[in-house]
Amino acid sequence: MASNFAINNIRDFEFIVQEWLPTERVFNYPQFADYYSKDDIKSILGPILKMCKEVIEPTNDENETHPVTFANGKVTTPPSFGPLFKMLQSEGWGTSNIDDSEDAMVLPEILHAAVSELIAAANPTFIPYIILTSGAADLIQSYGDEKLKAMFLPKMMDGTWSGTMCLTEPSAGSDVGDILSKAYPTDDPRIFKIKGNKIFITGGDNDFTENIIHLYLARIEGAKPGTSGISLFVVPKYWVNEDGSFEDNDFQTTGVEHKMGQHGSVTASLAAGENGNCRGWLLGKDPRENEGKGEGMAQMFQMMNLARMETGHMALSCIINAFANARDNAKERIQGRLLTNPKAGRTAIINHEDIKRTLMMGKAYIEAMRAMMYRVYLAFDQRHRDPDPEIRKAANDLIEMTTPLCKAYPSDEGWWLIGEAIQTYGGYGYCSEYPCAQIANDMKIYSIWEGTNYIQSMDLVGRKMNMKGGSIFGSWVQEMVDFCEANKGNETFTKEFSNLSKALNAYKEMLKALAGYSKSNMSMIPLYSRRVLTATAQLFCGRQILDQAILADKRAQEVGPEHYDYNFYTGKVATAKYYLRNVVPNVWATAEIVIDGDTSSIDVPIDVFEY
Ligand SMILES: Cc1cc2nc3c(=O)[nH]c(=O)nc-3n(C[C@H](O)[C@H](O)[C@H](O)COP(=O)(O)OP(=O)(O)OC[C@H]3O[C@@H](n4cnc5c(N)ncnc54)[C@H](O)[C@@H]3O)c2cc1C
């Protein structure tokens, strides 16, 4: 079978949680202090790694051997998915982190993210069933009244029911403000009749949970057009009565998509209220006080922001597993002789310069992106739980600033990076008996869903850079400048700091050009936004991985060459050097392109694209 979960250690997680990030304070929050310490990373992730290999990896094969089907109005999913969903949910590895009550056993986000990273690498197609259930439950937790919480949350959290997010419609994808789904008042101010069609809904149907709780965007009859007229409803597949019994809710699955990857994930078309009998609960603590009306997009953004982080993180999981497989294959595959020593005979391809460079490139992107993501996951814990309002605010600012980077950068780069992992295999990489082809097909969706990466780039350039008059972004850039200043004279990383400073200076010039374009020619902003996002992420990742390298270098010197961890630390130093010297220069190349301001692609009439 093609599946192979090839990740074989958790050392980088240990480095991040125990050595690099200031996690001590987080583990001392009252919610965690009695249950976890930063040293638990091994006892938590060790068994998860084993479970991924022994239990979850085999389920990944069923994406291809038992893909989703749809016949006579019913979907089937891979047979192993139901038991896996139930197991992960009931054992607390799935929808566990939404309960804010003091006595709830929740994992710090930074550990929860590491668990999810491994599960997603073992079966990227399965994990959205959990992520969407978590996101839907989180919205009910935040915006539902006590009745809704009691009705839905326990069964969503223990794996009896699942959840979805229903935004997209046939004529409204990127522009959600154009949705046509309607909601009509009933005698109960909390309950509305729902009518509409949704497409592309992940987990929109399945054959393994008793009910599916759809978080459904619709416009209340008479509400204004655009996003500000949209409200959010809890629309169960089966209506739940007060006594817990079900009634038909006039909610049908009309089809499933046939996709290039993610074959075990249901992507459903749904019809609500074809017979006028579909009901949904308006989200908002007290709809009698008009709460919730027109607040749907703001509420849904809570789920979307989490899902954007998770989408980028799933992309990263796929990249990691692809390169772990490429590494294993490169160690085994014998081909050619060393250019520098042909007489030594045939060699494993991992010894060839170009293969080694490709593996290092993968490692550099992986560790840089992971550094970025866990820096932000730490902020998730701080934002909710830190007693100091300044820390909570700084954490919130960081999350806001970096969410589009975390979503788009791994999912953009992942496509060609996994292509490079395939390349290291030669012909076998293109064959479905080997894992990377499936990983590539499963991965591609991440640059598209949760707002395409163009949407992310406009969120960064149009909104995030200008939040609070640009002051949040200004501080975010200044932090990187300060980091370079504080390390002036560092002799181990002279070239790397010089590159980061050069990139920062070029980036600032690029920002000036963008500011000018926003006054002189607005088209220049969307023309360059995706490239600006990539450069922004490369700058931020470069700063994080260089910070890691300083620590790793210190540790390497402390432990010495005979220590079992020496190669880990020196490997991290080399990886950071690769990223700073081979990837970060793209920032000043991008700056030059943006400042040049070539408009040839948008100046031409569209018929030049005929050929
Ligand atoms: C497998 C899969 C699962 C999905 N799961 C869900 C789900 O669970 N829930 C849900 O609600 N949706 C889901 N979606 C829908 C997904 O979020 C949308 O496909 C995505 O938002 C893009 O919308 P669209 O497909 O209509 O493309 P369009 O909006 O038509 O965009 C097409 C292209 O045009 C670009 N574009 C659009 N508008 C502009 C503009 N103003 N300026 C410049 N470029 C623009 C886009 O970036 C894109 O490249 C899923 C889709 C797929 C394929």
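What you see is a predicted model; the values in this text were computed from it and never measured. Just so you know, ligand 1 is whichever comes first in the structure, and atom 1 is the first atom listed for that ligand.
Ring geometry for F251 against H214 counts as parallel: the plane angle stays under 30°, on a 0 to 90° scale with 60° as the upper cut. The aromatic rings of F126 and F85 stand perpendicular to each other, their planes meeting at an angle above 60°, with 30° marking the opposite boundary.
Residue W281 is tested with F233, F152, Y216, F192 for a side-chain contact (heavy atoms from CB on, under 4.5 Å); the sole match is F152.
The single protein non-hydrogen atom nearest to atom 13 (C) of ligand 1 is F200 O, 3.0 Å, given as residue, atom name and distance. Among protein heavy atoms, the minimum distance from atom 49 (O) of ligand 1 is reached at T452 CG2, 4.5 Å. Among protein heavy atoms, the minimum distance from atom 26 (O) of ligand 1 is reached at G173 CA, 3.2 Å. When hydrogens are left out, the protein atom nearest atom 52 (C) of ligand 1 is I445 CD1, 3.6 Å; that is the closest non-hydrogen contact. Atom 18 (C) of ligand 1 has as its closest protein heavy atom T168 OG1, 4.3 Å.
If you look at Y454 next to ligand 1, the close heavy atoms, those under 4.0 Å, all belong to the side chain. At a heavy-atom cutoff of 4.0 Å, ligand 1 is contacted by both the backbone and the side chain of T202. By the criterion of a heavy-atom distance under 4.0 Å, neither the backbone nor the side chain of K198 is placed next to ligand 1.
Side chains of T267 and T202: no donor on one and acceptor on the other come within 3.5 Å. Side-chain contact of N277 with D248: a donor-acceptor pair under 3.5 Å is absent, judged by distance alone. Q89 and T133 share no donor-acceptor pair across their side chains, judged by distance under 3.5 Å alone. Between the side chains of N123 and E57, not a single donor N or O lies within less than 3.5 Å of an accepting N or O.
Any N or O atom pair closer than 3.5 Å counts here, and T267 shares no such pair with ligand 1. Checking only distances, S174 does come within under 3.5 Å of ligand 1, N or O to N or O. Checking only distances, L167 does come within under 3.5 Å of ligand 1, N or O to N or O. Geometrically, ligand 1 and M165 share a nitrogen or oxygen pair separated by less than 3.5 Å. Residue contacts with ligand 1: D175 is placed with no nitrogen or oxygen under 3.5 Å of a nitrogen or oxygen of the ligand (distance criterion only).
Salt-bridge annotation for K464 and D459: present, with a side-chain N of the basic residue lying under 4.0 Å from a carboxylate O of the acidic one. A salt bridge between E210 and K155 is absent, with no side-chain N of the basic residue lying under 4.0 Å from a carboxylate O of the acidic one. Salt bridge present: E247 and R279 bring a charged side-chain N and a carboxylate O closer than 4.0 Å.
Against a heavy-atom cut-off of under 4.0 Å, K259 is close to the following atoms of ligand 1: 1 (C). For ligand 1, the atoms closer than 4.0 angstrom to any heavy atom of I201 are 7 (C), 8 (O), 9 (N), 10 (C), 11 (O).
Counting only heavy atoms, the protein gets under 4.0 Å from atom 37 (C) of ligand 1. At a distance under 4.0 Å, no protein heavy atom can be found next to atom 30 (O) of ligand 1. When distances from atom 42 (N) of ligand 1 to the protein are checked, a heavy atom turns up under 4.0 Å. Counting protein heavy atoms under 4.0 angstrom from atom 7 (C) of ligand 1 gives one or more.
Surrounding CZ of F246 are more than 12 heavy atoms belonging to other residues, nucleotides or ligands, all under 6.0 Å away. With a 6.0 Å radius and a threshold of 12 heavy atoms from other residues, nucleotides or ligands, K285 has its NZ atom above the threshold.
For atom 20 (C) of ligand 1, the candidate residues are N453, I448, T164; the nearest heavy-atom contact is made by I448.
Ligand 1 lies less than 4.0 angstrom from a heavy atom belonging to E450.
What you find for M372 and P410 is that their closest heavy atoms are CE-CD, 4.4 Å.
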